[in-house]
Structure formats: C-alpha cells, structure tokens
2 protein chains.
Amino acid sequence: MPANVVKKILQNSSETERKLINQFLNYPEDSAGSLMTIEFVDLKKEMLVHEALVRIRESAPQKETIYTCYVTDANRVLEGILSLRDLVIAEPEQKIGEIMRQEIIYANTHDDKEEIAELVKKYDLLALPITDNEKRLVGIITVDDILDVIEDENTEDFHKMAALEPTDVEYLESGVFAMARKRIVWLLVLMLSATFTGYIIRSYQTTLEKVVALTIFIPMLMDTGGNAGSQSSTLIIRSLALNEVNFRDIAQVMWKEFRVSVIVGITLAFVNFIRILLIERYSPPIAFTVSLTLFFTVMTAKIVGSSLPILAKQLKIDPAIMAAPLITTIVDSISLIIYFTLAAKILHFA
Amino acid sequence: MPANVVKKILQNSSETERKLINQFLNYPEDSAGSLMTIEFVDLKKEMLVHEALVRIRESAPQKETIYTCYVTDANRVLEGILSLRDLVIAEPEQKIGEIMRQEIIYANTHDDKEEIAELVKKYDLLALPITDNEKRLVGIITVDDILDVIEDENTEDFHKMAALEPTDVEYLESGVFAMARKRIVWLLVLMLSATFTGYIIRSYQTTLEKVVALTIFIPMLMDTGGNAGSQSSTLIIRSLALNEVNFRDIAQVMWKEFRVSVIVGITLAFVNFIRILLIERYSPPIAFTVSLTLFFTVMTAKIVGSSLPILAKQLKIDPAIMAAPLITTIVDSISLIIYFTLAAKILHFA
C-alpha cells in the first residue's frame, strides 16, 4: 500500500482507527514512520546530472517533493542528498556521486514527531529523510506536514498547561461526554489536592476566629500567588519546549527568578500595604502581615514555578503538566502556612 | 541595501534597534514587509522554458529560493507564478506565459505576519509573494521564516495567557529588571481586581463569624473554579487562534460548555459531598452548601471562560488576555457570592 494512500486513510480516520492502522503498520503513533510519505525521488551515485533530471522529470507528478533528492545504494541505504537547486546549477555531465552532499540530517522511523519538527526547524529543511535501523531510506517528511506537527504540539502543550487531557479533535466536532471526560480527571485531582489548603486553614481555625478579617485577604493572596507562579512556569515550560533552557541551567534560572521575585514582590507588597492601610483602613499590623505574606508568596511561587518544570523534564515527566493548576495548588498551601505563621507572630496570638 | 543584508542586520539587532530600522524602512513591525527577502527569481511571460532555466541556473546562488518563480510585467506587477517543478516538467520550447498559474496567493507588505503564516499553512506554500498596494512584487517570504513566525506567535500566546507581557528575548538572555517589568503590570491589575473578592467576603463577615468552617472551603472552590474556567478559556483561545471557532459559533460553544459543565459539575460536587460528609465529617447542610456552590462555580467558570475570549476577539481585543488569570478573578467573585447566598439560605442565617 503506497504511503500516501495510507496517509489519506489515516487523515480521514478517527483517533481509534488511526491507532489500529498504525499498530498494524508497526510504526508507533506520533512517530516519523506514521507521518512520512514514500513518494520521494531517489537517484544513484553513478547517474549523470542530465540523466537524473530526466528521471525527475518523468517521475515528478507522483512525487511529494522533487526539491530534495536522495541517493541510495543497491540496498536502499542512504548515501547522500542533493537539492534540485544543486542539480540545476551543476554541469549536465557531472556525476551525482560527485555533487551530492554526504553530511545528511536524517531521522529514524521510530523517532517522535516532536524531534523531527525540531530538526526541520533547526536546519531549515524542506524535507527530512527517514531511515530504518539499517539506515535504509524508507520515506521522507515534508515541511508542510511539519507545520501541522508544530501546531499540534503547541495545542497539546496549551491543553496540558490548562489541566486538560490533550485531544486532536476540533472543538466544535468533539462530543460533550468525551469533552467532559478529558476535563474531569485533572479537576478531581486538583480539587482533592486543594483540600490540603482546607486542612491548613482548619488547623489555624482559632486564629481565624479571633481575627476574621484575615479571611478577607485569602483570595487575593492565593490569586496573586497563582498568577506569579504561572508566569514563571509558563516562561520556563515554553523555553524548555523550544530548547532554550536545559537542566544544567536550573541554578541560573532559580537565581534569576529569585531576583525577579524580590523586585516584583516588593512592588506588590508596597502597593498592597498602602491600599490596606489607607483605603481599606485596617490596622498597620494587619496590613503588614498581609503584605509580608504577599512578598513571600510571590517569591515561593516564582521559585517553585520555575524549578518544577525543569525537574519534571529531567525526570522524563512532561513539563507542561507542571503548569499553573498544579503550581497554584502547591503555592496555595505554602502561602497559607506563611500567612498564619506570620499572623500568629505579628498579631501576638499563639 | 539588499533585503538579506537588512535581514542579517535585523537578526543581530536588539529589539529597539529593530524597531528603528523597521520604521526607517517604513514597514510596520511584524508586517510582511519586515520579514520578506527581495532575493527571488522573476521571469517574464515571453520567455521560453529553457531560457528561464538558464536564467534560474545563473542567478540561483543569490536567491533565497528557486523553487517558486514569479512572473512580472514591465512595471513589476505580479502576473503569475510557477514552480521549478512545473518548469522541469514542461517542454523546453513552451512559453512561460502558457504554463504559469494566474491564481496567485499573495500578501501585502503591510499585512501582519500572523495572517501570512495562516496563508502558508493553509495552502502548503514554500514561499509567499509579497506585493505593494499596486500589486507590484517587492519580495517573498519563505516557509522556514514562517516556522519561526509560528513559534513566535505561539510563544506570544503562551505568555499572554499567563498574564505576561510577551517578549521575543530568550529566557536566559533577558535582564532581571526587564523581566520584572513584564510581569508587574498584570500582577498589579489582577491583584487589585482580586480585592473585589475581599470586599465580597467583608460584606458577609457576620455570616463568616457565625460559621468559620465556611472559610475552609474557599480555597478549594476558588481553585476548582479557576481550573474549570481555564480549561474552557484555553480550549477556546486555541481554537480561535487556529480559526476553528468564530464569533458565529458563540451560541453553539456556550450550549456545549453548559452541557459539559453539568456533567463535570455534578461529578465534582458528588465526590466533594461524600468527602466533606464522610471524611471531613461536617454536617450535611454544610456539605450540601459547599457542593452546590461547587456545581454553580464550575458552570459559571465554563460559560464565562468560553464566551469571554470569543467576545474579546469580536471586539478586536486579543482573546489570549482573556485567559486563566482574568477568568479566575471574575469567577472568584461570582463563586463567593453564590457561596454566601446559598450558605445564608441553607444554613438559615440572615
């Protein structure tokens, strides 16, 4: 079955059908093998340029691209590549073996499509050759398919970062039950984690009963902590996805986030202190407690938010699931402990 | 100054320098004009195929791509395009005017790079011709530059959705003060908005003083509302970015979110009711109040989260800023009002 027929079938199939077809074809889902086409131009080293051009001309209508041509030996092992541009510039009597390039960027059928997209982006390729384990050329992936891969990968990251199980079905096409299912699991996990914050509040219930005013600032502290954390986690998750940051940068990242959080924390705490004191007209100790908590919350959020995604990647966990929702849940707990501890000290309970 | 020199200069310049250079060149930043190269192959209608091939061969080393060729008249007005593939397949004595295609996908120098990327993706182009207002061909944008545009646009959306002012400077390269500045504004805005939730709590202070236990569930309600809302807003913002959803779909989207929220809300409320009653051992009225609030919170979050981004786009506001942080702030307030109203009714205060 020619690869473009397979591709057509795959494109018009449901997710489940696609999985079955891919299993049948023995290429893992999301692998290079499942994306490639076998309609490429292959040439031999001994051919002359004008012979190659005739061959390209004859076979062009069936090929996915003729702009990159592949030179293989008798066993279909990939020996070199050359572009149609090279062929057009070359002298008609030159041998393909002389003008082909031997430094080849290629990938294996089992490589993940994300790595494939990385290579195409990095080397500005129009097509990437795909080989089997014996370096035999079995197909190519063209840049237009890579554009789709990149958008899919980005969509997947957007979904994961919003605590959604990723889907490649368009919004308007997906069923209500399937959609609900993709949302419930994470919401349940996060809801149950969020009950920890409830336990923390409960254990400080006597403090709260004395100063109910403290409750008023809980939403503001939690929201600001969540937002400060998601800023850092998003920046880092995106930088990891684009390979701009790696595990070895973790100390540098945390030191940078520490400094940023000092500036951001002081600014927010200051504005907040003034507001609580002058507009909301609470006593200075309360304004001070809330503002100091805010400062430490921002700092915790930024350091947790920036380091967890890097640690996750190192542990082979997708950093995108360390995004806002999870960070918020963690930062909430820490923030509340800081709040009540400071309140107890500053407002002299305990 | 040749465009690739300009491009080189632009690539090695700081953000500020780039702005100045672009202003000088009269092309708006992020426009097609600022991205294009002028190194394209242009042909004339009267040329024969073999003459065109000679011309391409001679000029190939200077051109950004030779795979798409452009046919222009004496005034440089774009008349047709043809691919090197068309040329290679054609008979040497055919006229360019006969084989060129006249249905041309092109863009204007002042078009936004996001629209350009859309065209290249939609039509699987290797290069897109860029014309001035008189349809004179002034440059082309190649697919490898579009890959960068797509990643930049995605990064911008990730940043905006996390309440960050977008930057195109890599994380490790950006300064601490610049970074803090890009985060503070939104955090301040959201922090001050979050104080509304404080006012709501304050106005129900007598209720809270009677049942301090109600405080314990505030973080869980807020977090779950925030997460449920960000799931919906993320799905919709992404679908809007990929043009899968439009303003005319708003009723369909809200109806779908309503049904999803009923399923998700009932599930979460049920689990929560059991947990509060059996594990945390609160009274049934309290468990019921919290769970009913949770149900309405999820519903509000999903409907607000899905409709606001669509409305924003219709009002020419970037939907990405209607993401988790803003939605959370809005949903928090509504959720707390529902909570205290239900508490007052069910627990018989007031």
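Below, all heavy atoms of this structure are taken into account, side chains as well, without hydrogens, waters or symmetry copies. A note on names: the letters A, B, ... follow the listed sequences, proteins ahead of strands, and every chain is numbered from 1.
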For [X], is it the side chain, the backbone, both or neither that has a heavy atom under 4.5 Å from a heavy atom of chain A?
{"X": "Lys63(B)", "answer": "both"}
{"X": "Ala90(B)", "answer": "backbone"}
{"X": "Asn227(B)", "answer": "both"}
{"X": "Ser230(B)", "answer": "both"}

Heavy-atom pairs under 4.5 Å with chain A - which of [options] has more of them than the others?
{"options": "Met222(B), Glu58(B), Arg202(B), Glu257(B)", "answer": "Arg202(B)"}
{"options": "Trp186(B), Phe196(B), Tyr199(B), Tyr204(B)", "answer": "Tyr199(B)"}
{"options": "Leu187(B), Thr224(B), Val262(B), Asp332(B)", "answer": "Leu187(B)"}
{"options": "Val271(B), Ile276(B), Leu53(B), Asp148(B)", "answer": "Val271(B)"}
{"options": "Ile263(B), Ile150(B), Leu208(B)", "answer": "Ile263(B)"}

Given the options [options], which has more heavy-atom pairs under 4.5 Å with chain B than any of the others?
{"options": "Ile146(A), Leu190(A), Val253(A), Leu221(A)", "answer": "Val253(A)"}
{"options": "Leu84(A), Leu188(A), Leu125(A), Thr65(A)", "answer": "Leu84(A)"}
{"options": "Leu235(A), Leu126(A), Ile236(A)", "answer": "Leu235(A)"}
{"options": "Ile56(A), Thr328(A), Leu242(A)", "answer": "Leu242(A)"}
{"options": "Ile218(A), Thr155(A), Ile200(A)", "answer": "Thr155(A)"}
{"options": "Lys256(A), Gln252(A), Arg259(A)", "answer": "Lys256(A)"}

Working to the nearest 0.5 angstrom, can you tell me the gap between [X] [atom1] and [Y] [atom2]?
{"X": "Thr234(B)", "Y": "Leu164(A)", "atom1": "OG1", "atom2": "CG", "value": "6.5 Å"}
{"X": "Asp145(B)", "Y": "Asp124(A)", "atom1": "CG", "atom2": "CG", "value": "7.5 Å"}
{"X": "Met220(B)", "Y": "Thr329(A)", "atom1": "CE", "atom2": "OG1", "value": "12.0 Å"}
{"X": "Ile184(B)", "Y": "Thr267(A)", "atom1": "CD1", "atom2": "OG1", "value": "3.5 Å"}
{"X": "Ile66(B)", "Y": "Ser83(A)", "atom1": "CD1", "atom2": "OG", "value": "7.0 Å"}
{"X": "Leu268(B)", "Y": "Leu192(A)", "atom1": "CG", "atom2": "CG", "value": "9.0 Å"}

So, Arg183(B) versus Ser232(A): side-chain donor-acceptor pair below 3.5 Å or not?
yes
Output side-chain donor-acceptor pairs under 3.5 Å for residues 172-181 of chain B, partner residues at least two apart or in another chain, one line each.
{"unit_1": "Ser174(B)", "atom_1": "OG", "unit_2": "Glu170(B)", "atom_2": "O", "d": "3.4"}
{"unit_1": "Ser174(B)", "atom_1": "OG", "unit_2": "Tyr171(B)", "atom_2": "O", "d": "2.9"}

Which residues pass the salt bridge (charged side-chain N to carboxylate O under 4.0 Å, His left out) test with Glu151(A), not counting sequence neighbours?
Lys121(B), Arg238(B)
Heavy-atom proximity to chain B below 4.5 Å, by part of Leu326(A):
neither
Go through the atoms of Asn154(A) and report whether side chain, backbone, both or neither lie under 4.5 Å from a heavy atom of chain B.
both
Do the non-hydrogen side-chain atoms of [X] and [Y] ever get within less than 4.5 Å of each other?
{"X": "Val143(B)", "Y": "Leu147(A)", "answer": "yes"}
{"X": "Gln205(A)", "Y": "Ile216(B)", "answer": "yes"}
{"X": "Met191(B)", "Y": "Asp223(A)", "answer": "no"}
{"X": "Phe158(A)", "Y": "Asp157(B)", "answer": "yes"}
{"X": "Gln231(B)", "Y": "His159(A)", "answer": "no"}

Keeping [X] on the side-chain end and [Y] on the backbone end, is there a donor-acceptor pair under 3.5 Å?
{"X": "Glu209(A)", "Y": "Val212(B)", "result": "no"}
{"X": "Arg275(A)", "Y": "Thr195(B)", "result": "no"}
{"X": "Tyr67(B)", "Y": "Arg85(A)", "result": "yes"}

Might you point out which heavy atoms bring Leu336(B) and Pro219(A) nearest each other, and give the distance in Å?
CD1-CG, 4.3 Å
